[in-house]
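As C-alpha cells, the structure follows; a few thoughts come after it.
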Amino acid sequence: RIKASGLKLRFCTNETQATREQFVRKLQGFGFDISVDEVTAPAPAACRILRERGLRPHLLVHDDLIPEFAGIDRTNPNCVVLGDAADNFTYANLNEAFRVLIGLENPVLISLGRGRYYKETDGLKLDVGAYMKALEYACDVQAEVVGKPAKRFFESALAELGVQPQEAVMVGDDIENDVGGAQRCGMRAVQVRTGKYR
C-alpha cells in the first residue's frame, strides 16, 4: 500500500545474522516486493566507518554476515566489530574480542546494534546489546552503535530517501530501538503489536 501510494519507503533492519541479500530473499519468500537497495542495515554502515577511519576489525559476528565485510582489511585488528553472533557468542570468542580491545591503547568497539533481546519462532533470545555491555564493562570503553537506535542509523536512512526527519514516520515493534530511536532523531513513530512489542 505504501509503495502504491507513491510515498518513499525504506526497510530499516538491525538484522546482523545475514547479508542484506539473504534478508531480502527471505522477505521475498514471504511475498514482499522488496529489493536490496531499499534496505538500510548496520553492516554496510559499519563498513563505511571502517574505511573512513582506516580501521581493521576483529569480527565477532554471525558467520552468514561475514560476506558484508568483503574487501575490508582484517589483518592486525585495531578495533572490534560486534554483531548478533548467535552460537558464536562463546566464552572463547568473547574473550578473544576482549583481548583485542584490552590490548589497544585507544580501544574501539563498534556494535551493529544494542538490542536487549529479540523474538524467534522458538522464543526470546539475548541480543547483541548484552554482549556489547559485557565488553564495555570489561574494557572500560563506550561502544559506537551503528544500528538502531543510533541517530546516525536513522539519519542514513533519511538521507537515502532524501527527506527530513519531520517528513518521515518509523513503524516498528521495538519501543526503544524503533520508536525511541526514530523519535530522538526528530521523526514520528508508530509501534505495531507484533514481535516483541510488549
Side-chain angles (χ1 to χ4, degrees), residues 10-20 22-27 29-30 32 34 39-46 49 57-66 68-69 79-98 101 109-154 156-157 169-185 187-198:
R10 199 90 190 148
F11 296 92
C12 297
T13 179
N14 264 4
E15 174 62 61
T16 61
Q17 287 192 11
T19 63
R20 283 172 298 159
Q22 293 166 326
F23 176 71
V24 165
R25 277 196 302 274
K26 179 179 178 181
L27 290 180
F30 292 138
F32 287 94
I34 180 175
V39 176
T40 300
I49 291 169
H58 168 82
L59 297 177
L60 180 47
V61 299
H62 196 280
D63 291 338
D64 290 346
L65 190 68
I66 291 176
E68 288 277 16
F69 294 89
C79 72
V80 169
V81 172
L82 188 65
D84 182 11
D87 290 338
N88 286 343
F89 277 136
T90 64
Y91 177 78
N93 288 343
L94 278 166
N95 204 48
E96 188 176 358
F98 161 75
L101 287 171
L109 173 60
I110 297 173
S111 185
L112 302 182
R114 72 168 201 197
R116 295 176 179 161
Y117 58 88
Y118 60 96
K119 186 174 184 178
E120 288 281 357
T121 53
D122 61 345
L124 298 175
K125 299 191 175 192
L126 280 177
D127 203 351
V128 64
Y131 302 97
M132 177 193 84
K133 287 293 185 183
L135 289 173
E136 282 184 329
Y137 176 70
C139 300
D140 195 25
V141 64
Q142 182 76 39
E144 299 175 39
V145 180
V146 297
K148 296 181 286 182
K151 187 175 181 182
R152 74 173 120 192
F153 180 88
F154 290 101
S156 177
V169 176
M170 174 68 189
V171 178
D173 67 348
D174 188 310
I175 193 71
E176 174 61 25
N177 290 333
D178 296 331
V179 174
Q183 288 175 334
R184 284 189 294 279
C185 190
M187 299 166 63
R188 289 172 291 165
V190 175
Q191 185 180 25
V192 293
R193 292 175 170 241
T194 60
K196 60 178 176 178
Y197 73 94
R198 315 186 271 293

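This chain uses plain numbering: 1 for the first residue, then up along the sequence. Source: prediction; values computed, not measured.
In this view, Asp64 satisfies the side-chain hydrogen bond (donor to acceptor under 3.5 Å, both in side chains) rule with no residue, not counting sequence neighbours. The ring pair (Phe, Tyr, Trp, His ring centres under 6.0 Å) search around Phe98 returns none, not counting sequence neighbours. With sequence neighbours excluded, the residues satisfying side-chain hydrogen bond (donor to acceptor under 3.5 Å, both in side chains) with Tyr118 are Gln17, Asp84. Residues passing the ring pair (Phe, Tyr, Trp, His ring centres under 6.0 Å) test with Phe11: none are found, sequence neighbours excluded. Remark: Arg116 engages no residue in a side chain to side chain contact (heavy atoms under 4.5 Å, CB included) (not counting sequence neighbours).
Although no hydrogens or angles enter the test, the distance criterion places a donor-acceptor pair under 3.5 Å between the side chain of Asn93 and the main chain of Asn88. Remark: the backbone N or O of Asp173 is paired with a side-chain donor or acceptor of Gln191 at under 3.5 angstrom. Panel note: side chain Glu68, backbone Arg20; a donor-acceptor pair is recorded below 3.5 Å. One N or O on the side chain of Gln22 and one on the backbone of Thr19 form a donor-acceptor pair closer than 3.5 Å.
The list of salt bridge (charged side-chain N to carboxylate O under 4.0 Å, His left out) pairs with a residue in residues 89-98, not counting sequence neighbours, is empty.
Between Val128 and Ser111 there is a side-chain heavy-atom pair separated by less than 4.5 Å. When side chains are defined from C-beta on, Ile110 does not count as touching Leu82, because their heavy atoms never get closer than 4.5 Å. Looking at heavy atoms from C-beta onward, Lys148 lies in side-chain contact with Met170 at the 4.5 angstrom threshold. The closest side-chain heavy-atom distance from Pro42 to Asn14 is below 4.5 Å.
To the nearest 0.5 Å, atom CG of residue Leu135 and atom CG of residue Leu60 are 7.5 Å apart.
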Check your understanding: Where do Arg184 and Glu176 land on the salt bridge (Lys or Arg N to Asp or Glu O under 4.0 Å) test, with the steps shown first?
Key -> CA-CA 10 Å; Arg184 284 189 294 279; Glu176 174 61 25; 3.0 Å; yes
